[in-house]
Amino acid sequence: MVDDAPRPWLPARRLRDDVEVWVPVEHVVSTPGEAARLGVTDPLVTPVSNGLGAGGDRDQAVLHALLEVLQRDGNGLRFRALDAGRVVDVDDARLDPATAQVLAALRARGVEVQVKAAATDFGLPDVVVVGSAPGDDLVVATACGEAVHPDRDVAVRKAVCEFAAARIRKRWSHHAPADGPLREPDGSWEQEEPRVLAATVRWLTDPPPDWPDLLRHSVFRVEQHVPWAQVPTTPTDDLTTRQVLDLVVDRLAAEGFEPVVVDLADGADGVHAVKVVVPGLEVETVAYGRIGERNVRRLLDGGRDDLVRVGARPDGDGWARVVLNEQAEARLGGAAWLDRAALDAVAGDLLPLYREPGQHAAQAAIAAGWRP
């Protein structure tokens, strides 16, 4: 890759004023394979699916996608192996009936549920729901639900329901079927990312003997109890989808962020699908070292100088320069450096918290006799 190499771009619309802008292909597609089909074999960044949304109308699709971007921007450095341990006390809260019903069903089956407060950026509650039951293995015990929404009741309901679905999804995706033949994954398991496949196979065949302690100090970490009344909220029961979307966009604009939208399906068949990109917001960092000014600052503010530094290149082999423009480096006070080896150690034996192989791929590899 060279600085003056031509890059393919795709048209998008700026959300607030509908002005046409252009976005690099890597920020629109969801996988390296999709990028390659559009002529990008050396993407500037690892493509991610974050920011995809669908709905019966465009506003619904855009709100879905935008909230997912905000969800990952808020929790990417505050959940899973980096969980901040901020548990929301919801037991005495007046939860909506749907949330209360799902929580009651989970607890009746022995699942001890935790609602975690990951972030409140832009005044929006970003919550993570985790939990486990006696008899869970490492795969099922790491199920997770995530959501952000102006209305805390909606955010918690979405996250609780996603957590309940994740417990089923993870068992179905990675366990051998109780009866009947193994369903082969789409494509060969040999096409999976090797480190992700290896980590998942280890979880299934030789999990770390101390994995309950690993989760106790990460996923299920408890450092602080947050009263329900301290979780920010903007009730949205009486708002239309467009009004909720405008509320979120206005809060982003107040801090200098402008979402752009790529239309992927125009609604001709009754469904709208979009990809939303918000320049300046960031995704999860641990799995691939995806980081910019925002997450560098967060790590610095959190005292994680074992992972990031600013200034001269630190001693050691693991440090790589964070790619930033001159303005970002000036705001930070110099060049930024990320210790990739130290970052990989953050996940350690818990890499499948961040990345999973395709459905049934791990079992197909095991059935073929493959071991890491």
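Every heavy atom of this structure was used, including side-chain atoms; hydrogens, water molecules and symmetry mates were not.
The two atoms that bring P125 and A155 nearest to each other are O-CB, 4.0 Å, heavy atoms only. Between K275 and S49 the shortest heavy-atom distance is CE-O, 4.4 Å. Taking every heavy atom of both residues into account, A164 and L106 meet most closely at CB-CD2, 4.3 Å. Considering every non-hydrogen atom in both A198 and P372, the closest pair reads CB-CB, 3.5 Å. Closest approach of P207 to W211, counting heavy atoms only: CB-CD1, 4.2 Å. When all heavy atoms of G292 and V322 are compared, the closest pair comes out as CA-CG1, 4.4 Å.
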R355 and Y288: side chain to side chain contact (heavy atoms under 4.5 Å, CB included), yes or no, with the steps? CA-CA 10 Å; R355 299 296 302 169; Y288 293 115; 3.2 Å; yes
Kindly indicate, with the supporting measurements, whether the criterion side chain to side chain contact (heavy atoms under 4.5 Å, CB included) is fulfilled by D339 and D306. CA-CA 7 Å; D339 188 335; D306 58 321; over 6 Å; no
Decide yes or no on salt bridge (charged side-chain N to carboxylate O under 4.0 Å, His left out) for R297 and E293, but give the supporting numbers first. CA-CA 6 Å; R297 190 175 299 281; E293 178 186 2; 3.6 Å; yes
Would V219 and Q114 count as a side chain to side chain contact (heavy atoms under 4.5 Å, CB included) if you check the C-alpha gap in whole Å, the side-chain angles of each, and the deciding distance to 0.1 Å? CA-CA 10 Å; V219 174; Q114 291 180 338; over 6 Å; no
Could you walk me through whether W228 and R94 pass side chain to side chain contact (heavy atoms under 4.5 Å, CB included), step by step? CA-CA 9 Å; W228 179 252; R94 297 182 63 183; over 6 Å; no
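Two residues are said to be in side-chain contact when any heavy atoms from C-beta on lie closer than 4.5 Å; D153 and T99 fail this criterion. Annotation: side chain of T142 is not in contact with side chain of P352 (no heavy-atom distance under 4.5 Å). Looking only at side-chain heavy atoms (C-beta outward), L252 and L66 come within less than 4.5 Å of each other. Proximity of N75 to R72: side-chain heavy atoms (C-beta onward) are separated by under 4.5 Å at one or more points. With a 4.5 Å cut-off on side-chain heavy atoms, R167 and D136 count as touching. Using a 4.5 Å heavy-atom threshold, the side chains of L350 and L215 count as touching. Within the 4.5 Å cutoff, the side chain of H360 has no heavy atoms near those of the W189 side chain. In this structure, the side chains of R7 and P24 stay at 4.5 Å or more apart for every pair of heavy atoms.
Atom CG of L70 is separated from atom NE2 of H149 by 11.5 Å, given to the nearest 0.5 angstrom. Rounding to the nearest 0.5 Å places CG of L264 at 12.0 Å from NE2 of H272. Interatomic distance, Q101 CD to L95 CG, rounded to the nearest 0.5 Å: 12.5 Å. Within the model, atoms CG of L307 and CG of L338 stand 7.0 Å from one another, a figure rounded to the nearest 0.5 Å. Rounding to the nearest 0.5 angstrom, the gap separating the CD atom in E255 from the CG atom in L281 is 9.5 Å. Once rounded to the nearest 0.5 Å, the distance linking CG of D73 with CG of N295 reads 7.0 Å.
Counting non-hydrogen atoms of neighbouring residues, nucleotides and ligands closer than 6.0 angstrom, the CD atom of E193 exceeds 12 such neighbours. Within 6.0 Å of CD on Q243 lie more than 12 heavy atoms contributed by other residues, nucleotides or ligands.
When each of V262, V261, V260 is checked for a side chain to side chain contact (heavy atoms under 4.5 Å, CB included) with V277, only V260 meets the rule. Remark: of the listed residues D301, D83, D121, D121 is the sole one forming a salt bridge (Lys or Arg N to Asp or Glu O under 4.0 Å) with R78. Residue R86 is tested with V226, V222, V115 for a side chain to side chain contact (heavy atoms under 4.5 Å, CB included); the sole match is V226.
The existence of a salt bridge linking D59 and R242 is confirmed by a sub-4.0 Å separation between a basic side-chain nitrogen and an acidic carboxylate oxygen. Between R16 and D250 there is a salt bridge, since at least one side-chain N of the basic residue sits less than 4.0 Å from a carboxylate O of the acidic one. Checked for salt-bridge contact, E146 and R80 meet the test: a charged N lies under 4.0 Å from a carboxylate O. A salt bridge does not link R13 to D263: none of the charged nitrogens lies less than 4.0 Å from a carboxylate oxygen.
Residues satisfying the side chain to side chain contact (heavy atoms under 4.5 Å, CB included) test with R169, not counting sequence neighbours, are S173, E356. Legend: residues meeting side chain to side chain contact (heavy atoms under 4.5 Å, CB included) with A36, ordered by chain and number and at least two apart, are absent. By the side chain to side chain contact (heavy atoms under 4.5 Å, CB included) test, D349 pairs with P208, L214, sequence neighbours left out. Under the side chain to side chain contact (heavy atoms under 4.5 Å, CB included) criterion, A98 pairs with D96, R157, sequence neighbours left out.
Note: F257 and F122 have perpendicular aromatic rings, judged against thresholds of 30 and 60 degrees for the angle between ring planes.
D344 places no side-chain N or O within 3.5 Å of a backbone atom of A341 that could act as its donor or acceptor partner. Judged by distance alone, with hydrogens and angles left aside, the side-chain atoms of E192 form no donor-acceptor pair with the main-chain N or O of L197 at under 3.5 Å. Side-chain N or O atoms of R290 include none that pairs as donor or acceptor with a backbone N or O of V283 at under 3.5 Å. The backbone N or O of L44 lies less than 3.5 Å from a partner atom in the side chain of E26, making a donor-acceptor pair. In this structure a side-chain-to-backbone donor-acceptor pair under 3.5 Å is missing from K170 to C144. A donor-acceptor pair under 3.5 Å links the side-chain atoms of R109 to the main chain of A105, judged by distance alone. Side-chain atoms of Q363 come within 3.5 Å of backbone atoms of H174 as a donor-acceptor pair (strictly under, hydrogens ignored).
Cluster membership for L67 and V274, using ILVMFWY side-chain heavy atoms within less than 4.5 angstrom, is shared. Under a hydrophobic-cluster definition in which Ile, Leu, Val, Met, Phe, Trp and Tyr are linked whenever side-chain heavy atoms come within less than 4.5 Å, directly or via other members, L82 and V87 are assigned to different clusters. L124 and L15 fall within a single hydrophobic cluster, where Ile, Leu, Val, Met, Phe, Trp and Tyr side chains are chained together by heavy-atom contacts under 4.5 Å. Follow the hydrophobic side-chain contacts under 4.5 Å out from V231 and you reach V160 in the same cluster. Residue V196 is not grouped with residue L204 when hydrophobic side chains (ILVMFWY) are merged at heavy-atom distances under 4.5 angstrom, including chains of intermediate members.
Applying the side-chain hydrogen bond (donor to acceptor under 3.5 Å, both in side chains) test to residues at least two apart or on different chains, the pairs with a partner in residues 315-327 are R321-E329.
In the hydrophobic clustering, where aliphatic and aromatic side chains (Ile, Leu, Val, Met, Phe, Trp, Tyr) are joined below 4.5 Å either directly or transitively, V154 stands alone.
Side-chain polar atoms of R298 and T285 form no donor-acceptor pair below 3.5 angstrom.
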